[in-house]
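Below, chains carry the letters A, B, ... as their sequence lines are ordered, and counting in each starts from 1.
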Amino acid sequence: MSFGRPVLHSDDAEADRLLIERVRRGETDAFGALVSRYIDRASAVAFRIVHHREDAEDLVQDSFLAALRHLDDFDASRPFWPWLSRIIVNRGLDLTASRQARLTENLDQEVLDSSADASADAERHDLREQFRRALEDLPPRRRLVIELFEVEGLGIAEIAAAIDAAPATVRWHLHAARRQLRAALERFHGDFR
Amino acid sequence: MKQIHGDVTPDRRMADAIRAATGARRSSQADLDALQGRIMTAATPYMDARLSMRPSWLDYAAAWSRTIVPVGLATAVVAASCLVWLTSSARRSTPSNVEHVAMLGAATNSVSSGDLIDLAVSDVEVPLSAPAARR
């Protein structure tokens with residue numbers, strides 16, 4: 001899934017500001033509109049962190065509620081999405097650290113599910129497993145950077161805001177992740193197409 | 001699809017490989033709607049709390065009272081000062097010694113008309129004993 005609009009415009013920020021003012025006054029409809037605006041992006045980012053749909057949904061719900069609880073601390077003159085994405089990333093990385101065993105179990109099941117078509121054979125499954133292990137060997141933050149950039153189509157600046165790092169740091173993570181995965185990718189080139 | 005993000009270009013093969021390895025679960029609109037419903041239900045207590053924190057007219061009155069009471073007190077002090085000033089000013093506006101001497105001199109015909117004119121245009125107060133100096 002790609003968001004298709006990795007850069008937020010000033011209109012978005014202004015619309016966010018108005019919605020946030022209304023939410024602060026206790027208007028439920030405004031909170032609904034805010035959730036509606038970002039639930040798609042939030043779900044995509046959450047899935048890239050926890051790699052499990054139900055966990056991703058829990059993470060999104062938890063993050064929106066955390067944002068609501070701390071909305072008075074938020075500077076409404078700034079765009080809402082970077083703040084929300086930081087909440088999702090921080091909570092998500094904490095969650096994956098505490099649920100590592102469960103995550104691995106579910107990923108195994110997902111890979112089996114996705115390769116359960118008629119053309120799947122043992123060798124292909126093996127190659128995919130090796131790439132997956134190479135991906136899992138990446139540090140969580142680095143893995144998140146490459147997944148958000150390559151799969152979700154987020155820009156460097158947006159990822160930097162989400163993981164609370166400088167754009168140069170994001171580029172460095174991306175470069176390092178690609179270097180680590182490149183060998184596995186070249187070996188199994190064509191098997192994922 | 002190639003996109004340019006600053007000086008870094010996404011790698012399509014890498015993206016496909018990651019999708020294949022991790023799954024590319026895209027939530028359907030129905031999934032997102034259901035999730036939004038869950039979020040809104042869970043948010044109800046927080047929104048209710050915000051609503052109850054919303055200021056009523058009593059809060060406005062209480063907030064204004066913190067301004068109005070000092071302003072009222074200050075106004076009372078200023079009004080009292082004005083009254084005191086006006087009273088003393090009225091007292092000062094009673095005939096001065098010069099006028100008193102001139103009127104007394106004129107009434108008793110003890111001051112010449114030239115001296116009366118002098119008294120009328122003079123800023124210098126004349127001692128009360130002046131009318132006694134009969135010419």
**Report entry** Check: B:G37 main-chain N/O paired with B:T41 side-chain donor or acceptor under 3.5 Å
**Finding:** yes
Query - A:Q61 side chain to B:L35 backbone, donor-acceptor under 3.5 Å - result: no
Requested in this report: Only counting residues at least two apart or in another chain, list the ones meeting side-chain hydrogen bond (donor to acceptor under 3.5 Å, both in side chains) with A:D72.
Outcome: B:R50
**Report entry** Interchain contact, A:L71 with chain B, by part (heavy-atom threshold 4.5 Å)
**Finding:** both
Query - Under 4.5 Å from a heavy atom of chain A, the part of B:M40 involved - result: side chain
**Report entry** Sidechain-backbone polar pair: A:R141 side chain, A:I163 backbone, donor-acceptor under 3.5 Å
**Finding:** yes
Report task. Just grab all the salt bridge (charged side-chain N to carboxylate O under 4.0 Å, His left out) pairs involving residues 85-95 of chain A, residues at least two apart or on different chains. Result -> A:D62-A:R91
Query raised in the report: Side chain, backbone, both or neither: which part of A:R133 has a heavy atom under 4.5 Å from chain B?
Result: neither
Query raised in the report: Taking A:R24, A:R182, A:R178, A:E147 one by one, which has the highest count of heavy-atom pairs under 4.5 Å against chain B?
Result: A:R178
Query raised in the report: Should the ring pair A:W83 and A:F74 be called parallel, tilted or perpendicular, given that the plane angle runs from 0 to 90° and is split at 30 and 60?
Result: parallel
Requested in this report: With a 4.5 angstrom heavy-atom cut-off, could you sort out which part of A:L68 is near chain B: side chain, backbone, both or neither?
Outcome: both
Query raised in the report: What part of A:L65 gets closer than 4.5 Å to chain B, counting heavy atoms only: side chain, backbone, both or neither?
Result: side chain
Query raised in the report: Side chain, backbone, both or neither: which part of A:F64 has an atom under 4.5 Å from a heavy atom of chain B?
Result: side chain
